[in-house]
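Remember, predicted model here, so these are calculated numbers, not experimental data.
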Amino acid sequence: FELKLTSFKQQFMIYEKSLSDFTIKVNQLEIQQSNFNDLKQEIEIVLQNVREQSSTQQNLLAREQTWRTDIEHQMLISQQNILKNNDNLKQIALLFNENYDFIKKLYSSQLQFINAQNQAIQISLQSFNQLPKLKSYDLSSLSSSLTSLTSSSSSSTTPLAIAAKWLQDSIQKLQNPTDCNEARFLRCDVPWNACGFGCVFHHLSYCFAISIATQRTLVFDNAPGWAYIAGCSEQNNGQQNWECLFKPISTCSNSFAKDSINWPSSVTPSQDPQAKSINIGWWSRPSRSQYHPWANTDGNNEKIPMIFPKEISDSISKEHRDPRVWYIGQLESYLARPSEILQKNLDQSFSELALDKPYFGIHVRRTDKIVEARYHQVEEYIAKIREWIAKRPEPFPHRQPTIYVATDEKTVIEQLERDFSNTFIIKYFKDTSGISGVGQGHSWHGSIALMVDIHALAQAEFFVGTISSQVSRLVYEFQQVCNDFDISDHTFSLDEPYWYFP
């Protein structure tokens with residue numbers, strides 16, 4: 001019995017050792033399975049990035065094909081006009097050549113953009129082959145170079161400040177003629193509810209640029225039925241119109257622009273002083289040969305508003321990296337002069353916000369926009385602000401910098417307050433829902449909040465947004481007006497470079 005017991009104990013020890021070896025192997029297999037799952041997840045992320053970039057390229061190719069079709073149609077119309085108008089053959093041929101130069105330039109820029117997208121996809125494929133040591137590539141478009149911050153203490157004597165004063169004085173004179181019955185007008189046909197706030201504003205600025213180039217007083221109907229002023233009549237003497245938000249555009253009303261003729265037409269406004277009123281419709285695109293001689297053409301065949309008065313053209317071209325954004329900002333600053341009601345709300349809101357300069361600004365556009373533009377994580381915005389702080393020539397004056405946030409997504413603010421409140425002070429325009437101005441919808445109160453956001457972001461030392469959004473573009477344009485020096489590099493776009501199209 002003892003021999004059997006001894007034998008049994010030896011067998012049991014052998015069993016225990018085998019069980020221990022088996023357990024070790026099971027643990028090793030679990031570790032290998034976990035590593036495999038991590039690698040699989042990384043592969044899925046890279047594949048998703050490749051799919052997204054491939055989808056973006058396909059969209060760009062489809063858009064480019066549509067543009068080419070439209071351009072070919074325009075060229076066909078130009079050819080037909082040449083056949084129908086023998087008396088004006090030379091003038092029309094000149095217009096055709098200008099359009100052709102513009103077509104070549106547009107096609108070339110789109111081709112470069114598509115090639116850049118192809119390179120981006122190749123980079124992602126290379127990263128896939130290098131798993132698990134995957135690297136991320138920053139494909140953001142706007143310049144990330146950070147120049148030294150300069151003080152605007154003597155801003156009133158800077159070349160840009162002098163140009164701005166001259167332009168604003170000229171606009172005041174043009175928009176407020178001594179006799180409305182003798183003035184010539186450019187009537188801007190605005191489909192107020194055809195698109196969002198920023199889109200409407202950019203269309204107005206486009207019309208404004210044409211009116212200045214042709215020396216005509218800009219007028220438009222007083223925003224009847226505009227969703228962005230809904231509910232303001234009690235605050236505006238029973239009236240629901242443009243003055244709910246902004247000062248009147250002119251001392252002459254829209255009624256003086258009766259019997260307007262549409263432009264472009266066979267008669268150009270600058271060549272026909274008898275044409276009292278011209279109507280600019282939605283998406284009208286006159287060419288430079290139709291401009292008033294006051295404008296500076298100098299062989300540049302692009303469409304306005306990339307055109308500036310001769311008196312300031314040289315100055316702003318030398319002093320600013322992107323004169324077009326400076327010019328559009330100046331026009332929009334006149335359009336957006338706050339009404340008494342808006343100014344009162346702006347003063348009250350900024351008093352409550354207590355924003356100590358310098359501070360930073362971010363605009364995170366989500367909701368319906370993610371269908372049109374690429375989704376960007378909150379961390380991407382914060383990373384750009386940290387890069388700015390690191391490259392700042394002087395230490396930041398506040399121990400805990402402030403970030404002003406504009407967003408249409410409540411979870412963005414919740415994440416910022418949860419993950420970054422130890423590093424940054426998070427501020428935003430608050431309403432009962434806790435969402436910022438750009439998320440409050442189509443109403444007068446929503447527009448008040450939106451203007452608070454735009455004014456606050458435009459005054460930030462550094463702004464991070466997405467130029468695919470009309471609001472981010474408005475902020476970038478307004479930012480140039482808030483400073484008397486070139487501040488074009490104080491904005492970073494996470495998706496597209498700046499472009500102007502109403």
(request) May I have all residue pairs that pass side chain to side chain donor-acceptor pair (under 3.5 Å) and include part of residues 342-354, sequence neighbours excluded? (result) Gln343-Asp347, Gln348-Glu352
(message) Please determine whether a side-chain nitrogen of the Lys or Arg among Glu409 and Arg365 lies less than 4.0 Å from a carboxylate oxygen of the Asp or Glu.
(response) no
(request) Compare every heavy atom of Phe463 with every heavy atom of Gln479, then report the nearest pair and how far apart it is. (result) NE2-CB, 4.0 Å
(request) List in chain and number order the residues that pass salt bridge (charged side-chain N to carboxylate O under 4.0 Å, His left out) with Lys17, two or more places apart in sequence or in another chain; answer none if no residue qualifies. (result) Asp21
(request) Name all residues meeting the ring-ring contact (aromatic ring centres under 6.0 Å, His included) criterion together with Phe208; count only those two or more places apart in sequence or in a different chain, and write none if there are none. (result) Tyr334
(request) Looking only at non-hydrogen atoms, find the nearest pair between Ser317 and Pro323 and report the distance. (result) CA-CG, 3.8 Å
(message) How long is the straight-line distance from CD of Gln400 back to CD1 of Ile426, given to the nearest 0.5 Å?
(response) 8.5 Å
(message) If you define the side chain from C-beta out and look only at heavy atoms, does anything of Thr402 sit under 4.5 Å from Asp356?
(response) no
(message) When you compare the side chain of Leu245 with that of Ile448, does any pair of heavy atoms fall below 4.5 Å?
(response) yes
(message) What I want to check is whether the side chains of Tyr498 and Glu477 have a donor and an acceptor closer together than 3.5 Å.
(response) yes
(message) Going by salt bridge (charged side-chain N to carboxylate O under 4.0 Å, His left out), name the residues that satisfy it together with Asp221, two or more places apart in sequence or in a different chain.
(response) none
(request) State which residues pass side-chain hydrogen bond (donor to acceptor under 3.5 Å, both in side chains) with Gln235; sequence neighbours excluded, sorted by chain then number. (result) none
(request) Go through the structure and list residues passing side-chain contact (heavy atoms from CB on, under 4.5 Å) with Gln11, not counting sequence neighbours. (result) Ser7
(message) So, using side-chain contact (heavy atoms from CB on, under 4.5 Å) as the criterion, who are the partners of Pro401 when residues are at least two apart?
(response) Phe360, Ile389, Phe396, Phe424
(message) Can you tell me how far apart CD1 (Ile467) and CG (Leu494) are? Round to the nearest 0.5 Å.
(response) 10.0 Å
(request) Return the set of residues passing side-chain contact (heavy atoms from CB on, under 4.5 Å) with Lys357 (not counting sequence neighbours), or none when no residue passes. (result) Tyr359, Gln459
(message) Applying side-chain hydrogen bond (donor to acceptor under 3.5 Å, both in side chains), can you list everything that pairs with Gln415, at least two apart in sequence or on another chain?
(response) Glu379
(request) For residues Leu160 and Asp484, report the shortest heavy-atom separation together with the two atoms involved. (result) CB-O, 3.8 Å
(request) Check whether more than 12 heavy atoms from other residues, nucleotides or ligands sit under 6.0 Å from atom CD of Glu340, and answer yes or no. (result) no
(message) Aromatic contact between Phe429 and Phe350, with the criterion being ring centroids under 6.0 Å apart: yes or no?
(response) no
(message) Which residues pass the ring-ring contact (aromatic ring centres under 6.0 Å, His included) test with Phe220, not counting sequence neighbours?
(response) Trp192, Trp242
Only pairs under 3.5 Å count here: list side-chain donor-acceptor contacts from residues 24-33, not counting sequence neighbours, and write none if there are none.
residue, atom, partner, partner atom, Å
Asn27, ND2, Thr23, O, 3.4
Gln33, NE2, Asn37, OD1, 3.2

(message) Minimum heavy-atom separation for Ala336 and Phe478, please, with both atom names.
(response) CB-CZ, 3.7 Å
(message) Could you report the tightest heavy-atom contact between Ile316 and Ala163, atom names first, then the distance?
(response) CG2-CB, 3.9 Å
(request) Report yes or no: do Asp453 and Tyr404 form a side-chain donor-acceptor pair below 3.5 Å? (result) yes
(request) Please round to the nearest 0.5 Å and tell me the distance separating atom CD1 of Ile328 and atom CG of Leu474. (result) 11.0 Å
(message) With heavy-atom distances below 4.5 Å as the criterion, would you say the side chains of Ile280 and Asp189 are in contact?
(response) no
(message) Taking the side chain as everything from C-beta on, heavy atoms only, tell me whether Ile341 gets closer than 4.5 Å to Trp444.
(response) yes
(request) Could you pull out all residues at least two apart from Val481 that satisfy side-chain contact (heavy atoms from CB on, under 4.5 Å)? (result) Gln330, Ser333
(message) Using 0.5 Å steps for rounding, measure from the CD atom of Glu332 to the CG atom of Leu204.
(response) 9.5 Å
(request) To the nearest 0.5 angstrom, please state how far the CG atom of Asp495 sits from the OG1 atom of Thr466. (result) 5.0 Å
(request) Tell me yes or no: between the side chains of Trp326 and Glu319, is some donor less than 3.5 Å from an acceptor? (result) no
(message) For His202 and Gln470, which I'm curious about, is there any donor-acceptor pair between the side chains at under 3.5 Å?
(response) yes
(request) Taking all heavy atoms of Lys384 and all of Phe462, pick out the closest pair and write down the distance. (result) O-CE2, 3.6 Å
(request) Hey, could you give me the CZ/CD1 distance between Phe197 and Ile229, rounded to the nearest 0.5 Å? (result) 10.5 Å
(message) Are more than 12 heavy atoms, taken from residues, nucleotides or ligands other than Glu234, located less than 6.0 Å from that residue's CD atom?
(response) no
